[in-house]
Number of protein chains: 2
Amino acid sequence: MQTVGFGQHDHSACMGGGMKAAEDACTAQGLRLTKGRRRVLEILLQEHRAMGAYDILGLLSDEGFASQPPVVYRALDFLVANGFAHKIQKLNAYIACAHPGDSHTPVFLICRSCKTVAETAASLKSTLGEVADKIGFKIETTIVEAEGMCPTCRAAESPA
Amino acid sequence: MQTVGFGQHDHSACMGGGMKAAEDACTAQGLRLTKGRRRVLEILLQEHRAMGAYDILGLLSDEGFASQPPVVYRALDFLVANGFAHKIQKLNAYIACAHPGDSHTPVFLICRSCKTVAETAASLKSTLGEVADKIGFKIETTIVEAEGMCPTCRAAESPA
DNA sequence: GATGACTTGATATAGTATAACATTTCCAAT
DNA sequence: ATTGGAAATGTTATACTATATCAAGTCATC
């Protein structure tokens, strides 16, 4: 298990790795890592924290990109849909994936004081509490939400 | 373990129980379950689904309450803070607590088709997958976010 | 009936996200 | 090399979610 977000780490490696993972995945799947999408991912990797869409948009427009919300939301949608970034629901913010390439269920530890977000690779089968203990994070509240299909809708969708 | 939200249940009991639990808790803790707060909880219990703040506000203003957002957000803040309702981050919506009185970490199963939300009493130590399997819910994505204090901020707060 | 804590009223504004449609770019098939 | 279609982007407008602020009212207690 890895935990990224608190403490020291090799940030240039984590940036390069994030970009490379995204490039490779796009090549492999025929996805287009266009200029804007690439730049948003770079920003998220560089800042290494959860950022609001409008924070990112501000940086983009400083750099000559268009300054309308769809510019950033489209890039974020692409990055999130393909696992290169995640949305932190609690913060309405976005963060680069810390485990690119792995298919995983992200688990986030969010500090309410400094807003740092750590992404752990804890599975739902391990105990979140143990993960937190190990790195000295004190959990105060948790959000667990699973989205999918309820029995009724599944039955309606595929009639026997 | 109980799961409320999919399938049949005694809804009048679940409403009455929800109100009584809130009343008792308020009495016990010296909290004021005022007219507006009570009405919002009734609406949430009655509708028995996740509702947007502005949906609730619409009902309130139809009934003669003031129609400004703070009216409903204040009531929701109170209900959520005291465990009588929960916020579903994924939907930006609110739902009455299905296990009033218990102190618990709520776990929500959200149907992407019909938007029904089930609150289970699954603990983080049990496997979410098992809970879902048992009731025939097919999980597609999960959100796990824990908020608290990171090691750095804890150290800064209480210097040795 | 004065005090102070809590609650509500009311106005304004901040923050987050998407709809809709026109235009351009890219790639593949001819 | 052209062209046709899919994907991406530009652009305008708007919808949705939530909070700040300050004034006024309510309630329990002293």
Side-chain angles (χ1 to χ4, degrees), chain A residues 22-23 25-41 43-44 49-82 84-95 112 115 143 145, chain B residues 22 25-41 43-44 50-82 84-95 112 115 143 145:
Chain A
E23 285 160 0
C26 286
T27 301
Q29 301 174 245
L31 301 170
R32 290 159 61 183
L33 189 59
T34 57
K35 207 174 124 198
R37 292 168 175 177
R38 167 182 289 273
R39 188 64 194 120
V40 170
L41 179 55
I43 288 170
L44 287 176
R49 61 189 171 89
M51 301 181 72
Y54 282 72
D55 295 338
I56 300 168
L57 183 57
L59 297 178
L60 288 179
S61 67
D62 288 350
E63 296 174 13
F65 286 85
S67 61
Q68 293 76 20
V71 170
V72 69
Y73 281 107
R74 285 168 177 162
L76 288 170
D77 286 349
F78 172 86
L79 297 174
V80 169
N82 293 291
F84 308 140
H86 301 292
K87 177 171 186 180
I88 308 296
Q89 300 283 344
K90 175 78 187 184
L91 303 175
N92 289 323
Y94 302 83
I95 192 165
R112 70 169 155 78
K115 305 299 177 199
I143 297 168
E145 297 176 6
Chain B
C26 286
T27 301
Q29 300 174 246
L31 301 170
R32 289 159 62 184
L33 188 60
T34 57
K35 204 174 125 199
R37 292 169 176 177
R38 165 183 290 274
R39 188 65 193 118
V40 171
L41 179 54
I43 288 170
L44 287 176
M51 301 181 73
Y54 283 70
D55 295 337
I56 300 167
L57 184 56
L59 297 178
L60 288 179
S61 67
D62 287 350
E63 297 175 12
F65 286 85
S67 60
Q68 293 76 21
V71 170
V72 68
Y73 281 107
R74 284 167 177 163
L76 288 170
D77 286 350
F78 173 86
L79 296 174
V80 170
N82 293 291
F84 308 140
H86 301 293
K87 178 172 185 179
I88 308 297
Q89 301 283 344
K90 175 80 188 183
L91 304 176
N92 288 323
Y94 302 83
I95 193 166
R112 71 169 153 78
K115 304 300 178 200
I143 298 169
E145 297 176 5

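Below, read A as the first sequence line, B as the second, and so on, with proteins coming before strands; counting in each chain starts at 1.
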Considering only heavy side-chain atoms of B:P70, the closest of D:dT11, C:dG9, D:dT19 is D:dT19
The nucleotide from C:dT16, D:dT9, C:dA10 with an atom nearest the side chain of B:Q68 is C:dA10
A:R74 CZ to D:dG10 P, in whole Å, measures 8 Å
ask   = Is the A:F78 ring parallel, tilted or perpendicular to the A:F84 ring (thresholds 30°, 60°)?
value = tilted
A:L76 atom CG is separated from D:dA8 atom C1', nearest whole Å, by 15 Å
Open item on the list: Heavy atoms only, 4.0 Å cut-off, all strands: where does A:R32 land among base, sugar-phosphate and nothing?
Closed with: sugar-phosphate
When rounded to whole Å, the CD1 to P distance for the pair A:I88 and C:dT16 reads 14 Å
Looking only at C:dA10, D:dA13, D:dA18, the nucleotide nearest the A:P69 side chain is D:dA13
- [ ] Record whether the side chain of A:Y54 comes under 3.5 Å of the base of C:dA14 through a donor-acceptor pair of N or O atoms.
- [x] no
- Message: Need one value for A:R37: base, sugar-phosphate or nothing, where a base atom within 4.0 Å counts as base even if backbone is also close, heavy atoms only.
- Response: sugar-phosphate
Heavy-atom nearest pair, B:I43 first then B:E63, reads CD1-OE2, 4.5 Å
Heavy-atom nearest nucleotide on DNA chain C taken for A:D77 and for B:G36; more 5' hit belongs to B:G36
Whole-Å distance, B:N92 CG to D:dA15 P, equals 18 Å
Looking only at heavy atoms, the pair that brings A:M51 and A:L59 closest together is CE-CD1, 3.9 Å
task = Confirm from the modelled atom types if B:Y73 and D:dA20 form a donor-acceptor pair under 3.5 Å, side chain to base only.
result = no
Taken to the nearest whole Å, NZ/B:K87 to C1'/D:dC16 is 12 Å
Over all strands shown, is B:K35 touching base, sugar-phosphate only, or nothing at heavy-atom distances under 4.0 angstrom? nothing
| Counting any heavy atom closer than 4.0 Å, what does B:Y94 reach on the DNA or RNA strands: base, sugar-phosphate only, or nothing? | sugar-phosphate
When rounded to the nearest 0.5 Å, the distance separating CD1 of A:I143 from CD1 of B:I143 is 8.0 Å
